[in-house]
Amino acid sequence: MGGLQAGPVERVEHDYQLWEKRVDALMVLLSRKRRFTVDELRKGIESLPGDAYDRLTYYERWISSITSALIHRGTISIEELRAKLADIEQRPDGPKVGTP
Amino acid sequence: MMDNVTHTHEGPDPHAPRPDHDDTLTHHKRLEIAVRELLIEKGILTADEIREAVERMDARGPHLGAKLVAKAWVDPAFKARLVENGSAAAEEAGVQMDQPTRLIVVENTPQVHNLVVCTLCSCYPRMVLGIPPDWYKSRAYRSRAVHEPRAVLAEFGTRLSDDVTVRVHDSTADMRYLVLPMRPAGTDDFDEAKLAALVTRDSMIGVTTL
């Protein structure tokens with residue numbers, strides 16, 4: 001990316017949402033427990049298709065990358081993930097459920 | 001009856017997708033919930049650990065970097081240690097470094113201006129500045145800071161004379177840079193706390209001066 005042509009730097013900032021902070025926390029804690037590395041995070045992000053890279057927000061890329069690495073490592077399985085997502089889908093309160 | 005038959009959708013389309021409010025459960029938010037819950041169920045993480053990590057992150061911010069800068073301004077011996085070994089000096093000043101990364105402090109002088117970027121992704125001295133601003137992670141900043149730093153600086157309102165050397169530091173996962181800005185003129189009688197209040201986040205990234 002360094003050295004590519006690009007437009008002006010848009011000085012945008014936003015307060016991170018709680019879910020984004022939790023993605024960050026997952027990264028920090030999993031690295032500390034040696035169940036994930038920053039290199040895997042980067043590899044996962046760089047393996048995203050170009051259009052996904054541009055379309056996704058920063059922490060969306062992170063959670064995508066963390067999820068693939070955990071599946072790849074066998075920490076969680078695709079079946080478990082699928083079942084969990086289906087379960088979340090059924091919850092009445094959506095985002096408020098499962099907040100630590 | 002007639003009213004119903006002629007009913008048309010005036011104004012906003014009632015069937016339009018909901019705007020993306022913070023509480024909309026997007027695919028990626030679901031993914032975060034799913035992964036987090038699975039990790040907790042498997043005993044790999046606990047909910048408390050996650051909460052504490054978020055709290056620690058919230059507690060970190062530019063005030064920590066500003067404290068180091070102000071201390072360096074008033075204490076030349078500390079400044080020497082800070083530039084020599086940023087991580088050790090920060091620990092000494094009571095700023096906890098809980099990442100296996102080196103903090104490297106680069107000093108601005110009348111001859112040299114330092115600018116920090118991460119062309120790979122978003123490496124940032126989070127232990128002393130908190131989470132990076134969005135623009136730091138943007139394509140535009142990451143690609144242009146290395147090949148036209150003066151143009152990027154100008155966009156931040158920073159104009160340096162041509163005889164000032166601009167050094168751009170590309171961060172990595174292991175090496176995080178913090179700029180030690182020059183102490184502003186007219187602050188000779190300021191104490192450390194008053195000096196720290198002058199130090200902005202952007203000056204420690206190097207996109208601005210004080």
Side-chain angles (χ1 to χ4, degrees), chain A residues 1-14 16-26 28-33 35 37-39 41-42 45-46 54 56-61 63-64 66-67 70 75-76 80-85 87-89 91 94-100, chain B residues 22-42 44-54 56-58 98-100 117-123 126 131 133-147 151-152 155-156 170 173-174 207:
Chain A
M1 173 137 320
L4 293 178
Q5 299 298 323
V9 179
E10 286 176 40
R11 289 164 64 185
V12 283
E13 309 198 13
H14 79 290
Y16 288 93
Q17 295 174 22
L18 183 58
W19 82 272
E20 297 178 295
K21 292 179 179 178
R22 283 195 307 242
V23 171
D24 202 285
L26 289 181
V28 169
L29 294 169
L30 289 170
S31 332
R32 193 174 302 156
K33 290 170 188 265
R35 288 185 172 271
T37 67
V38 71
D39 299 314
L41 177 69
R42 187 168 300 147
I45 290 170
E46 288 174 358
D54 285 332
L56 300 185
T57 66
Y58 185 73
Y59 281 109
E60 286 176 348
R61 288 178 215 148
I63 191 63
S64 304
I66 292 171
T67 308
L70 292 175
T75 312
I76 59 175
E80 286 171 331
L81 183 63
R82 216 169 264 154
K84 182 58 93 178
L85 285 169
D87 173 58
I88 293 167
E89 199 76 50
R91 295 178 190 173
K96 290 166 197 82
V97 178
T99 304
Chain B
D22 280 5
D23 57 355
T24 306
L25 195 51
T26 63
H27 169 68
H28 290 87
K29 288 184 193 176
R30 279 193 205 101
L31 211 48
E32 182 275 321
I33 296 171
V35 169
R36 169 164 45 87
E37 291 187 358
L38 287 171
L39 291 171
I40 292 171
E41 284 162 21
K42 287 169 180 283
I44 294 169
L45 300 178
T46 67
D48 278 343
E49 283 177 315
I50 297 168
R51 188 170 25 237
E52 282 160 17
V54 169
R56 264 200 309 278
M57 196 182 317
D58 281 338
D98 67 352
Q99 294 178 6
V117 65
C118 176
T119 59
L120 277 175
C121 46
S122 57
C123 298
R126 295 157 56 122
I131 295 184
D134 292 334
W135 58 258
Y136 182 84
K137 306 181 294 193
S138 71
R139 197 171 264 271
Y141 183 72
R142 288 161 53 202
S143 44
R144 293 179 51 231
V146 284
H147 76 92
V152 171
E155 285 167 30
F156 282 85
D170 196 355
D174 312 311
V207 289

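Please read these numbers as outputs of a predicted model, since none were measured by experiment. Convention: sequence-line order gives letters A, B, ...; per-chain numbering from 1. Below, each value reflects all heavy atoms present in this structure, side chains not excepted, and no hydrogens, waters or symmetry copies.
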Validation row: [X], [Y] side chains within 4.5 angstrom (heavy atoms):
X: B:E49; Y: A:R32; value: no
X: B:L45; Y: A:R35; value: no
X: B:L39; Y: A:T75; value: yes

Checklist entry - What part of B:E41 is in contact with chain A, defined as an atom under 4.5 angstrom from a non-hydrogen atom: side chain, backbone, both or neither? => result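 Contact with chain A: side chain only.
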Item to check | Proximity breakdown for B:D170 and chain A, heavy-atom pairs closer than 4.5 Å | outcome: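 Contact with chain A: none, neither part.
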Give me the atom names and distance for the closest heavy-atom approach of [X] to [Y].
X: A:Y16; Y: B:D134; result: OH-OD1, 3.6 Å
X: A:L26; Y: B:I50; result: CD2-CD1, 4.2 Å
X: A:K21; Y: B:V54; result: O-CG2, 3.8 Å
X: A:A6; Y: B:S143; result: CB-OG, 3.3 Å
X: A:R42; Y: B:C123; result: NH2-SG, 3.6 Å

Measuring from atom [atom1] of [X] to atom [atom2] of [Y], what distance do you get when rounded to the nearest 0.5 angstrom?
X: B:R126; Y: A:D24; atom1: CZ; atom2: CG; answer: 4.0 Å
X: B:R30; Y: A:D87; atom1: CZ; atom2: CG; answer: 12.0 Å
X: B:I33; Y: A:R22; atom1: CD1; atom2: CZ; answer: 6.5 Å
X: B:H28; Y: A:E20; atom1: NE2; atom2: CD; answer: 12.0 Å
X: A:Y59; Y: B:L31; atom1: OH; atom2: CG; answer: 15.5 Å

Checklist entry - When only pairs under 4.5 Å are counted, which of A:R11, A:E89, A:E80 shares the most heavy-atom pairs with chain B? => result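 Top option by heavy-atom pairs under 4.5 Å: A:R11.
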Next on the checklist: Please rank A:T57, A:V23, A:I66, A:L85 by heavy-atom pairs under 4.5 Å with chain B and give me the top one.
Outcome noted: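 Counting heavy-atom pairs under 4.5 Å, the top option is A:L85.
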Heavy atoms only, distances under 4.5 angstrom: which of [options] has the most pairs with chain A? Name it, please.
options: B:A151, B:C118, B:A34; answer: B:A34
options: B:K137, B:H27, B:E155; answer: B:K137
options: B:D58, B:T46, B:I44, B:V117; answer: B:I44

Side chain, backbone, both or neither: which part of [X] has a non-hydrogen atom closer than 4.5 Å to chain B?
X: A:I76; answer: both
X: A:E46; answer: side chain
X: A:E10; answer: backbone
X: A:I45; answer: neither

Next on the checklist: Please evaluate residues B:L25 and A:R91 with respect to the criterion side-chain contact (heavy atoms from CB on, under 4.5 Å), reporting the C-alpha separation (whole Å), side-chain torsions for both, the decisive distance (0.1 Å), and the verdict.
Outcome noted: CA-CA 11 Å; B:L25 195 51; A:R91 295 178 190 173; over 6 Å; no
Item to check | ring pair (Phe, Tyr, Trp, His ring centres under 6.0 Å) partners for A:Y58, two or more places apart | outcome: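 Residues passing ring pair (Phe, Tyr, Trp, His ring centres under 6.0 Å) with A:Y58: A:W62.
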Next on the checklist: Once ring pair (Phe, Tyr, Trp, His ring centres under 6.0 Å) is applied, do any residues pair with B:F156, and if so which ones, sequence neighbours excluded?
Outcome noted: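 Applying ring pair (Phe, Tyr, Trp, His ring centres under 6.0 Å) to B:F156 gives B:W135.
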